[in-house]
Amino acid sequence: MQTTVTNTETLNPFEIAQKQIDSAAALLNLPKAAVDILKRPKRVLTVNFPVKMDDGSVKVFEGYRSQHNNAIGPTKGGIRFHPDVTLDEVKALSMWMSFKCGVVGLPYGGGKGGVICDPHDFSKGELERVSRGFMEAIADIVGPETDIPAPDVYTTAQIMGWMMDTYSRLKGVNSPGVITGKPLILGGSKGRNEATARGCVYTIIEALKEMGREPAGATVAIQGFGNAGRIAANLLADLGCKVVAVSDSKGGIYNPAGLDVQAVGQLKDTASILDYGKQYHISNHDLLELEVDILIPAALENVITLANADHIKAKIVAEAANGPTTPDADKILSGKGIVVIPDILANAGGVTVSYFEWVQNLMNFYWSEEEVNDKLNVKMVSSYQAVSKLAKAYNTDLRTGAYMISLKRITEAMEARGWV
Ligand code: GLU
């Protein structure tokens, strides 16, 4: 993740999150104390933990867990394993989680974790020891009623399973509710794996509806072919959209006639999506500037900035990633009439089904996939409509509308608790 200043805009995610709070708070007349509290995480833990590597050496890994605000309920949010993780990034991601939970009305505040590492370098055994080591290092501050982690960039259901096992062993009780996104056999929820993408697609359908359009025939470009990007590509193709471009960290492929997304998925599993054909290659940079109906940034932060915002030609930008657009770029997109479905709404499907998973764990009673998806649909559609209505009433963009809904809710909880 870049944190330098380019063309006079900051790319530091923590400063960006603070700016976003200021913009929405300015329209709401919130007590200053509430804004002061919300502009920083309540608690941040830095850990350094040793892991035995396969060659017999010991490596010390640095990781973080940030808990932003717990006025509404326990903090909640994923853990990412990535070489570019920074403390400011994790702090920002925990803030975005609070506002995400607020927009869809979940009884949670925001949290986030990260470990500086590249899981692609690990054997399976090393990955397991890093996962267990990090959980052991943060075990004192997480728990089903305090802070509930989940998957994020480069972390998987298997990793959640190891972490749940480590926590349960440390506490001497089976504790499925400590983490979500687990394998089904350990109390994972049906539909959780697809939830981020599915939720994002539900919001895209609503945005298209407002434009008087159907998904069928709409052209789509997707940056990032991980959990969110890849499943969104499949779901949108099923709805009759034409997915013309996708990419991963190595580069992208583009065919204006449409890609065969199943074939691309197979290549991702067996080799590289770039093996689709040299004639289709496109850079991640150029993919963002394609003339498409729907652009889905589904990778990392700061990909739409002052440097390229003016060249974005999509009609809808649906932020499946967290923090892909900088505040200055946001203004440019909005000025061009581009509808940006903000991350805290567009990718809230993941944490929404995490919430369903946690509820099922606490009840020890499990739902069908249909029930999960129906409940997700109700949440996403009603949240989109509430955000859109408020944004129209204040003549502002969807991001500001989404922040306003969240800020109001969290402030109300802080007032009710007597914090402000
Ligand atoms: N990492 C996901 C996010 O950024 C999911 C978090 C969760 O399920 O708690 O929203």
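Atoms within a ligand are numbered from 1 in the order they appear, just like the ligands themselves. In what follows, residues are counted from 1 in the order of the sequence shown. Atoms considered below: every heavy atom in the structure, side chains included; atoms not considered: hydrogens, waters and symmetry mates.
If you number the atoms of ligand 1 from 1 as listed, the ones under 4.0 Å from a heavy atom of Asp152 come out as 1 (N), 2 (C), 4 (O). Close approach to Gly77 involves these atoms of ligand 1, each under 4.0 Å from a residue heavy atom: 9 (O). For ligand 1, the atoms sitting less than 4.0 Å from at least one non-hydrogen atom of Gly350 are 8 (O), numbered in the order shown with element in parentheses. Ligand-side atoms of ligand 1 in range of Met97: 3 (C), 4 (O), 6 (C), 10 (O), range being under 4.0 angstrom from any heavy atom.
Atom CD1 of Ile410 and atom CZ of Phe99 lie 5.0 Å apart (nearest 0.5 Å).
Look at Glu301 and Arg80 and you find a salt bridge, because one of the NZ, NE, NH1 or NH2 atoms lies within 4.0 Å of a carboxylate O, short of that distance. Salt-bridge formation is detected for the pair Arg129/Asp54: a Lys NZ or Arg NE/NH1/NH2 atom is positioned less than 4.0 Å from an Asp or Glu carboxylate oxygen.
The environment of CD in Gln158 is crowded: more than 12 heavy-atom neighbours from other residues, nucleotides or ligands sit within 6.0 Å.
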ring-ring contact (aromatic ring centres under 6.0 Å, His included) assessment of Tyr108 paired with His68: CA-CA 11 Å; Tyr108 292 136; His68 173 240; over 10 Å; no
Stepwise salt bridge (Lys or Arg N to Asp or Glu O under 4.0 Å) test for Arg132 and Glu128: CA-CA 6 Å; Arg132 290 187 184 277; Glu128 175 173 351; 2.9 Å; yes
Test ring-ring contact (aromatic ring centres under 6.0 Å, His included) applied to Tyr403 and Tyr394, step by step: CA-CA 12 Å; Tyr403 269 87; Tyr394 280 81; over 10 Å; no
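Contact between Lys112 and ligand 1 is present, with at least one heavy atom of the residue lying under 4.0 Å from the ligand.
Looking only at heavy atoms of the protein, atom 3 (C) of ligand 1 is closest to Lys100 NZ, 3.3 Å. For atom 7 (C) of ligand 1, the closest non-hydrogen atom on the protein side is Ala150 CB, 3.3 Å. The single protein non-hydrogen atom nearest to atom 8 (O) of ligand 1 is Ser354 OG, 2.5 Å, given as residue, atom name and distance. Protein heavy atom nearest atom 9 (O) of ligand 1, with residue, atom name and distance: Lys76 NZ, 2.8 Å.
Contacts between Asn322 and ligand 1, counted as non-hydrogen atom pairs separated by less than 4.0 Å, involve the side chain only. With a heavy-atom cut-off of 4.0 Å, Arg192 touches ligand 1 through its side chain alone.
The shortest N or O to N or O distance between Pro151 and ligand 1 is below 3.5 Å.
Annotation: salt bridge (Lys or Arg N to Asp or Glu O under 4.0 Å) contacts of Arg399 (sequence neighbours excluded): Glu319, Asp330, Asp343.
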